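Please read these numbers as outputs of a predicted model, since none were measured by experiment. When a ligand or atom number is given, it counts from 1 through the structure's own listing order.
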Amino acid sequence: MSNCAIVGINWGDEGKGRMVDLLTEDYDIVVRFQGGGNAGHTVKNELGKFALHLLPSGIFRKGVMNILGNGVALDPENLLTEIKDVRSKGISITPENLMISDRASLLLPWHRDLDELEEQRLKDKKYGSTKQGIAPFYSDKYQKKTLMAGELFYPDKLLSHLKDIMEWKDLTLTSVYGHEPYTMDMLEDWLRRSCEGIMPFIKNTGAFLKKASKEGKNILFEAQLGSLRDLDYGIYPYTTSSNTMAAFAPIGSGLPSARIDDIVGVVKAYSTCVGEGPFVCEMSGDEAEKLREAGNEYGAKTGRPRRVGPIDIVATRYGVEVQAATEIALTKLDVLSYMEEIPVCVRYEIEGQETDDFPFPLALEDAKPVIKYLPGWKTDISGIRSFEALPREAREYVKFIEENISCPITYISVGPERHSIIIRK
Ligand code: GDP
């Protein structure tokens, strides 16, 4: 048996989905352990191109069980839409290949409203939320003011619990934000429209995982976003509201006793960042536009143009360290093929001092990137499948990153398709 976590090392959008899609070949179970439908994993394989938001990326593999763990923000409405969309492209999704933890908490209809209302209140101080209700959801979960999916099977108790929460939430909606209150009619309608459809998938997934683990099944834990968006270790408050760390996988998956043998950290060959917050190595103008176009860097969920920059060694090294990554998948190397020379942010300069250490979030605002240029390769590498066949400059670029982040780069992707990959083990 071997367990693996696939996690993001940077700000998210590193290409985790494509790595999960590739590596699920060797796994029996894929579990999403945190986050909600507020980001997207894009997967391109022989079945088509898919933008997944909440569904685990193992959904395309026959014989793989996909689980939404207790740590996710379960938005029933969005999940049903996503299931319908993926099914319409010929993928079978049944309780035979998808299960939802009965302990996953439900994102309630007002969470999206609150996200929107709070961003409006903040005006130019907004956090850049995707307005999917994730922050209000997690704060309510920790206040114990939401429902667990398993409660749907106890209709009488469910309605009285939901009424209590609604009365409490209506206070905030009406008196703080001047919003219309919710009513039980609205919520009963939501239960019928959005929750009944997910009930066949809701199971005691903790018991399933425990049994599977005893039987020696291989489990893959799939994270959303990346190290720098982790609630505790990221660029707070411009983080997400959950823990994106491999260390959280056992807790959020429903198998708290899990041992993770291998942690694959996904690093993009350059940097991107969606939304607000400090982004030390940000490029601007034409240079940025070219990279954004080459990498097609627009948000999978929102279509927002992503902020772009050179690879940030300081942030990446920190990301690798906090994830305790055992190996690295470097993605989108092909995107850099147009560059004459390739910028790399090797250190930060803060108040005249150069540093290799990732600083406290507030200090990031004063940090400036120290850029080194490495020679480009100026040739299409998307058809290359072995490390030795890469141009010397591309090999040097990979080795430079590897040496500076102190973690072996074992996968290099050179295109979005499942097999556009160089395996270096
Ligand atoms: P995730 O959330 O970490 O899975 O990342 P996203 O799906 O948001 O972003 C990765 C994007 O890059 C997707 O559109 C992928 O199809 C694409 N992609 C992944 N790997 C490669 C690669 O090696 N080369 C190119 N050109 N595109 C890639």
Note: [X]-[Y] ion pair, threshold 4.0 Å (strictly below):
X	Y	value
Glu118	Arg121	yes
Lys399	Glu402	no
Arg112	Glu77	yes

List ligand 1 atoms under 4.0 Å from [X], heavy atoms only on the residue side.
X	result
Lys16	1 (P), 2 (O), 3 (O), 4 (O)
Ser413	20 (N), 21 (C), 22 (C), 23 (O)
His41	1 (P), 2 (O), 4 (O), 7 (O)

Does an N or O anywhere in [X] fall below 3.5 Å from an N or O of ligand 1?
X	result
Gly12	no
Gly415	yes
Val335	no
Asp13	yes

Q: Classify the angle between the aromatic ring planes of Tyr182 and Trp110 as parallel (below 30°), tilted (30 to 60°) or perpendicular (above 60°).
A: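 It falls in the perpendicular class, over 60°.
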Q) For Glu297, which of Lys332, Arg304, Arg292 qualifies under side chain to side chain donor-acceptor pair (under 3.5 Å)? A)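 Per the side chain to side chain donor-acceptor pair (under 3.5 Å) rule, the option paired with Glu297 is Lys332, out of Lys332, Arg304, Arg292.
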Q | Reference residue Asp262; test side chain to side chain donor-acceptor pair (under 3.5 Å); the match among Thr326, Asn3, Thr410 | A | Thr326
Q.
Does Glu46 have more than 12 heavy atoms from other residues, nucleotides or ligands lying within 6.0 Å of its CD?
A.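 Count over threshold, so yes.
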Q) Judged by non-hydrogen atoms, does Arg306 sit under 4.0 Å from ligand 1? A)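 Under 4.0 Å: yes for Arg306.
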(Q) Would Lys44 count as a contact residue for ligand 1, given that I'm defining contact as a non-hydrogen atom of the residue lying under 4.0 Å from a ligand atom? (A) no
Q) Does Arg424 count as lying over the ring of Phe387, i.e. NZ or CZ under 6.0 Å from the six-ring centre, within 45 degrees of the axis? A)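 Yes, cation above the ring, under 6.0 Å and within 45°.
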Q: Would you kindly specify which portion of Val414 sits under 4.0 Å from ligand 1, judged on non-hydrogen atoms: side chain, backbone, both or neither?
A: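 Backbone only.
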**Q.** Within reach of ligand 1, part of Asp334 (heavy-atom separation under 4.0 Å)
**A.**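 The answer is the side chain of Asp334.
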